[in-house]
Protein chains: 2
Amino acid sequence: MMQATLKALSEPNRLRIVDVLIDGPHSVGEIVIELEISQPLVSKHLSILSEAGLVEVHQVAQKRIYTLRAKPFKEMDSWLVSYRRLWGEKFNRLDKLLEEEKNKLEGGTKK
Amino acid sequence: MMQATLKALSEPNRLRIVDVLIDGPHSVGEIVIELEISQPLVSKHLSILSEAGLVEVHQVAQKRIYTLRAKPFKEMDSWLVSYRRLWGEKFNRLDKLLEEEKNKLEGGTKK
DNA sequence: CAGTTATATAACTAATAGTTTATATAAAAT
DNA sequence: ATTTTATATAAACTATTAGTTATATAACTG
């Protein structure tokens, strides 16, 4: 779910991995070269991304080819829908609410 | 930037806070009641959300009213654009690539 | 002014998570 | 069969972070 996806992407190296994979499937070795971090670290991050459902693996000889899975990104997209009204439109309920709060006070205030 | 936003949202309670704030501005006390977690914890998470630019504060008497800021969500939306082609369309470069990899091998293989 | 309300902050603890180093495994090549 | 290539995994270490408790601060109330 959303929470797991966000957690998985919250780590810089994992975000970079995903960013590499958007250009298509890559082997572990290729990712190591791209990110310039150790192979075990890449493998570990890939396994976390895998458990979170962001990637899937296919084996070809000794190589493991990692690919992005669409689902979690689709979910993020749906999740964001609720937030779309934050922009574009006037979403200035804030001014309104601040006025309300102040009025509540003025009602019971000395001055 | 994207990284900071994802990190901020990767924590369950912070995601819940954001989820409360989408219904409009709320005071700290209101969030405490909604989430049923301690006030200092809510304050701490709010300050993290604030530093990440996800919320802004307005003071009314002793209350601090927190509001969502549109920008980071807008950024997430733009960021997701690159991933939209993952779904809907045929994005099966995987099959193609796996074939390629296998062919590379078969070229230099005994059997 | 004394008391109350609302929130922030600091000090600390406990849990989690990232990184490194060394080693295991499995397939391929020689 | 031995060596090489590609990747995973485990152990140990370090760093980061969530959560708690206690206290400070600032504004309002009576």
May I have the distance from [X] (atom [atom1]) to [N] (atom [atom2]), rounded to whole angstrom?
{"X": "B/Ile33", "N": "C/dT7", "atom1": "CD1", "atom2": "C1'", "result": "14 Å"}
{"X": "A/Arg16", "N": "C/dT19", "atom1": "CZ", "atom2": "C1'", "result": "14 Å"}
{"X": "B/Ile37", "N": "C/dA8", "atom1": "CD1", "atom2": "C1'", "result": "15 Å"}
{"X": "B/His58", "N": "C/dA6", "atom1": "NE2", "atom2": "C1'", "result": "18 Å"}
{"X": "B/Gln39", "N": "D/dT20", "atom1": "CD", "atom2": "P", "result": "12 Å"}
{"X": "A/Leu9", "N": "C/dG18", "atom1": "CG", "atom2": "P", "result": "12 Å"}
{"X": "A/Ile65", "N": "C/dA27", "atom1": "CD1", "atom2": "C1'", "result": "14 Å"}
{"X": "A/Leu15", "N": "C/dA17", "atom1": "CG", "atom2": "C1'", "result": "17 Å"}

Exercise for review: Identify, with sequence neighbours excluded, every residue that meets side-chain contact (heavy atoms from CB on, under 4.5 Å) alongside A/Arg69.
Suggested key: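 side-chain contact (heavy atoms from CB on, under 4.5 Å) check on A/Arg69 returns A/Glu56, A/Lys71, A/Pro72.
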Backbone N or O of [Y] within a donor-acceptor pair of the [X] side chain at under 3.5 Å?
{"X": "A/Ser10", "Y": "A/Lys7", "value": "yes"}
{"X": "B/Glu51", "Y": "B/Ile48", "value": "no"}
{"X": "B/Gln59", "Y": "B/Ala61", "value": "yes"}

**Study point:** DNA chain C: 5'-proximal contact among A/Ser10 and A/Arg64 (nearest heavy atom)
**Key:**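 Its nearest nucleotide lies further toward 5', so the answer is A/Ser10.
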Check your understanding: Below 3.5 Å, does any donor atom in the side chain of B/Gln62 face an acceptor in the base of C/dT7, or the other way round?
Key ->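 No pair found.
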Check your understanding: Any donor-acceptor pair under 3.5 Å joining the side chain of B/Gln59 to the base of D/dA27?
Key ->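 Checked by distance alone, the answer is no.
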Practice item. Return the set of residues passing ring-ring contact (aromatic ring centres under 6.0 Å, His included) with A/Phe73 (not counting sequence neighbours), or none when no residue passes. Key: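 For A/Phe73 the ring-ring contact (aromatic ring centres under 6.0 Å, His included) partners, ignoring immediate neighbours, are B/Tyr83.
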Check your understanding: Does the side chain of B/Tyr66 get closer than 4.0 angstrom to OP1 or OP2 of C/dA6 through an N or O atom?
Key ->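 Looking at the OP1 and OP2 atoms of C/dA6, neither is under 4.0 Å from any side-chain N or O of B/Tyr66.
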Point to revise | Residues which pass side chain to side chain donor-acceptor pair (under 3.5 Å) with B/Arg14, listed by chain and number, not counting sequence neighbours | key: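 Result, side chain to side chain donor-acceptor pair (under 3.5 Å) vs B/Arg14: B/His45.
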Review point. Can you name the residues that form a side chain to side chain donor-acceptor pair (under 3.5 Å) with A/Gln39, not counting sequence neighbours?
Key: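 Residues passing side chain to side chain donor-acceptor pair (under 3.5 Å) with A/Gln39: A/Ser43.
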**Study point:** Shortest non-hydrogen separation from B/Asn13 to B/Leu35 and the atoms involved
**Key:**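 Taking B/Asn13 first and B/Leu35 second, the nearest heavy atoms are O-CD1, 3.8 Å.
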Check your understanding: Looking at residues 40-49 of chain B, who's got a heavy atom less than 4.0 Å off DNA chain D?
Key ->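 The stretch gives B/Pro40, B/Leu41, B/Lys44, B/His45, B/Ile48 as the residues lying under 4.0 Å from the strand, ordered by number.
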Practice item. Consider only side-chain heavy atoms of I, L, V, M, F, W and Y, link residues closer than 4.5 Å, and tell whether A/Ile33 and A/Ile31 are in one cluster. Key: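 Per the 4.5 Å side-chain linkage, A/Ile33 and A/Ile31 are not co-clustered.
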N/O contacts under 3.5 Å, protein versus nucleotides 14-17 of chain D?
| residue | atom | partner | partner atom | Å |
| --- | --- | --- | --- | --- |
| D/dT17 | OP1 | B/Lys7 | NZ | 2.2 |

Review point. Taking the side chain of A/Lys63 as its heavy atoms from C-beta onward, which of C/dA6, D/dC28, D/dT7 lies nearest to it?
Key: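 So the nucleotide nearest the side chain must be D/dT7.
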